[in-house]
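Since the structure is predicted, the reported quantities are computational estimates derived from the model, not experimental observations. Order of the sequence lines fixes the chain letters, A, B, ..., with proteins taken first and strands second; residue numbering starts at 1 for each chain.
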There are 4 protein chains.
Amino acid sequence: MASTQPRRGDTRQRIQDVALELFTERGYDKTSLREIAERLEVTKAALYYHFKTKEDIVLSVVEDLGRLLDELIEWGQAQPHTLETKKELLRRYSEALADAAPVFRFLQENQATVRELSIGGAFKERLVTLSDLLRAPDAALTDHVRTTAAMFTMHVGLMALHDVEGDPEDKRKAVLEVALDLLTEAHRSR
Amino acid sequence: MASTQPRRGDTRQRIQDVALELFTERGYDKTSLREIAERLEVTKAALYYHFKTKEDIVLSVVEDLGRLLDELIEWGQAQPHTLETKKELLRRYSEALADAAPVFRFLQENQATVRELSIGGAFKERLVTLSDLLRAPDAALTDHVRTTAAMFTMHVGLMALHDVEGDPEDKRKAVLEVALDLLTEAHRSR
Amino acid sequence: MASTQPRRGDTRQRIQDVALELFTERGYDKTSLREIAERLEVTKAALYYHFKTKEDIVLSVVEDLGRLLDELIEWGQAQPHTLETKKELLRRYSEALADAAPVFRFLQENQATVRELSIGGAFKERLVTLSDLLRAPDAALTDHVRTTAAMFTMHVGLMALHDVEGDPEDKRKAVLEVALDLLTEAHRSR
Amino acid sequence: MASTQPRRGDTRQRIQDVALELFTERGYDKTSLREIAERLEVTKAALYYHFKTKEDIVLSVVEDLGRLLDELIEWGQAQPHTLETKKELLRRYSEALADAAPVFRFLQENQATVRELSIGGAFKERLVTLSDLLRAPDAALTDHVRTTAAMFTMHVGLMALHDVEGDPEDKRKAVLEVALDLLTEAHRSR
DNA sequence: CATGAATGAGCTTTCATTCAT
DNA sequence: GATGAATGAAAGCTCATTCAT
């Protein structure tokens, strides 16, 4: 149980953790497998025992967030398209983001790169679908902006407010409140 | 004067244009100087005649937007900190973004990479400064979020609404309207 | 075990050998890693598996001679500063040079380059220290020249007499004799 | 006559001076024409107005010393092969070296490189010829070493004693004295 | 007497990947 | 569950050189 001993069994997980950290910090392309291996004190070849390619590492890391979003979309589509549903969607999205914050940051900061990967469009599409669920199909352009802003405000909460002082949970709630306001406002003008 | 003839005198400009396009599309790191050179039908060495390094190309491309933001900040700081000033700040920011849209997209999509470059903090700092100008120093957390959202909504307008149908200028105005609403709302609760 | 089979385990050594040979023959700067790799029938990347940089190769090659000289200096400093000690110093230096002749030739013929490398001063300094050990601190200028000449005559023996006919060991002894004469002469006038 | 004005007419000479300085200091290969041009505040293309190639610059710089040596050899061959002639040869050689010291240093420190250039063997040959003139054809090996050492001691004077304190002219004379001693000694055992 | 613009060849270095052990 | 040794491809960059102006 000594933490200085070579852990065993968890190497796969440790690779994912270190990779995500480095990919976010220094960029996916700028991060070489050599760096990841060195930081873990294993050889590059060891990485290849656990993952088929570099891209595979990133896929595995991003997979959970993908599933989360899919579930959210599925849920949203199954509900009646009321304001209350939409509010609940935002609430759930907020929680999902909070949970998967590091992965989300990575995606945000490596958009150009990620687009070329096979995950590619997948995430963008999901965000569009999600955003569509918040909006009436016949919404005016301004309201379109409002619902979109509602969603993206939450990303901003993750990024721009990251180095603002204050309890993360407080910040999350403040962000959610503003997002809900935007959503409500978009609905009022119906 | 035929456009298929080797243009002269404009090579530097053409490098910047093609580079920005490729950097945005495929990512800064994934875009090699070979690709840029090939697309311009010159040799790599020609790029190095006009720019000292790859990073230099990106710096030169991003420079104008930097100046624009600095001017905006300077202006904002010279004005009385009234609601009207802040609204005008948003209006001007909106126009600046519209003008420099391609550069801005590049920065947005290559954040991780850009952070490592020497432009690095420069842009983030400017956005923070700008955002500070929109906010009362004693603003509640929710209002902090609102002013921040006001600014970032405009980025979203650039990105997420890019492939929504409609006249760009209409979209810009709709986005600006929502941003102004957020700003006003943040002020009401003073 | 056939010598035309790809040897294994000795690649590092083979790189050093070929590198030293080419560096001496055609100059460090003029010798590209491609040439070294080709002559070894491996890829350039293989060189980088064994050495971190081109400079590293040269450092590793030169290291042994450095140690030899350090030991010699240490020994010299531990002895009484008598004529006999100095003579023995020359004798030992002569042997060291004979052993490390190829490395020494390389250093001699690439002085300007080596100076810029990180070995830089190291060797020059050692020769100066060694030369100081041969000399009385209050020696007249002429005697200063004589002891210096004693040392450098040995280098000449290595270089200028290289293509003079005769048994190498005979030549070494003749050179040593002249050097010892110079040393003795320098002492007489004390 | 103001020294800050762009001198004219002497550009060729200035190129040679700067080139020799840089070639000696940082090595011929490591010194690029760009560096030379920059230091002279002209363009690379300007160098090509004055010299056909990089090698040409070095040839032009080294030419004078070559002629000097040729004259010395010619003179030596025309004299009777007496000890006095040989002594005078050394004296004249000493002066030639003192005059052409910078060029000589360059050759000394860039041997490997120079060998590949078209000057190549020329200088080595001349030194061998010169050295032969100092020696009786039937000299014993030890005396062969002594005459060779006599010559090379003078190079050492240029190099190793360069950063020893003292008047250069005094040093030159001390070196010459030792060299003459070596020569005389070589003759005595005839 | 010189420059501005460009090229072709080559350099050192790094990377993702492979595979026998 | 991993390593040691290597590869093929490509990257960013520099250099000597050319030539129209």
Send over the distance from [X] [atom1] to [N] [atom2], rounded to a whole Å.
| X | N | atom1 | atom2 | answer |
| --- | --- | --- | --- | --- |
| Arg26(C) | dG10(E) | CZ | P | 12 Å |
| Glu41(C) | dT7(F) | CD | P | 11 Å |
| Ile36(B) | dA10(F) | CD1 | P | 17 Å |
| Glu35(D) | dC13(F) | CD | P | 18 Å |
| Phe51(C) | dT12(E) | CZ | C1' | 16 Å |
| Lys30(C) | dA9(E) | NZ | C1' | 15 Å |
| Phe23(A) | dC15(E) | CZ | P | 12 Å |
| Glu38(C) | dC11(E) | CD | C1' | 13 Å |

Can you tell me if the side-chain N/O atoms of [X] get under 4.0 Å from OP1 or OP2 in [N]?
| X | N | answer |
| --- | --- | --- |
| His50(D) | dA2(E) | yes |
| Ser32(A) | dC15(E) | yes |
| Thr43(A) | dG4(F) | no |
| Tyr49(A) | dA2(F) | no |
| Arg34(D) | dT14(F) | no |
| Thr53(A) | dA16(E) | no |
| Thr11(C) | dA5(F) | no |

(request) Could you check Ala45(D) against Lys44(A) and say which one's nearest nucleotide on DNA chain E is further toward the 5' end? (result)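 The residue closer to the strand's 5' end, by nearest nucleotide, is Ala45(D).
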
(request) Between Tyr48(B) and Leu47(C), name the one whose nearest nucleotide on DNA chain F is closer to the 5' end. (result)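 Closest to the 5' end, via its nearest nucleotide, is Leu47(C).
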
(message) If you assign each of Val42(C) and Asp29(B) to its closest nucleotide in DNA chain F, which residue comes earlier from the 5' end?
(response)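 Comparing both residues, the 5'-ward one is Val42(C).
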
(message) Using side-chain heavy atoms (C-beta onward) and a distance below 4.5 Å, is Ile57(A) in contact with Leu33(A)?
(response)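 Side chain of Ile57(A) against side chain of Leu33(A), heavy atoms only: contact under 4.5 Å found.
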
(message) Run Asp17(C) and Arg14(C) through salt bridge (Lys or Arg N to Asp or Glu O under 4.0 Å) and show every step you take.
(response) CA-CA 5 Å; Asp17(C) 293 349; Arg14(C) 288 172 60 228; over 6 Å; no

(request) State whether Tyr28(D) and Lys54(D) meet the cation-pi test: NZ (Lys) or CZ (Arg) under 6.0 Å from the six-membered ring centroid, and within 45° of the perpendicular axis. (result)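 Yes, Lys54(D) and Tyr28(D) form such a contact.
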
(message) Let's test this: given Watson-Crick or G-U wobble pairing with both distances under 3.5 Å, identify the partner of dA20(E).
(response)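 In the structure as shown, dA20(E) has dT3(F) as its Watson-Crick or wobble partner.
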
(request) For dT14(E), give its Watson-Crick or G-U wobble partner with both distances under 3.5 Å, or none. (result)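 By the stated definition (distances under 3.5 Å), dA9(F) pairs with dT14(E).
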
(request) Can you figure out which of dT7(E), dA2(F), dA16(F) approaches the side chain of Ala46(A) most closely? (result)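 Within the option list, the nearest is dA2(F).
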
(request) Could you tell me whether Lys124(D) atom NZ has more than 12 heavy atoms of other residues or ligands within 6.0 Å of it? (result)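 Open.
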
(message) Between Glu116(C) (side chain only) and Thr113(C) (backbone N and O only), is there a donor and an acceptor less than 3.5 Å apart?
(response)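 No, Glu116(C) side chain to Thr113(C) backbone: no donor-acceptor pair under 3.5 Å.
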
(message) How long is the straight-line distance from CD of Gln108(D) back to CD of Gln108(C), given to the nearest 0.5 Å?
(response)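 Spacing of CD (Gln108(C)) from CD (Gln108(D)) equals 6.0 Å.
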
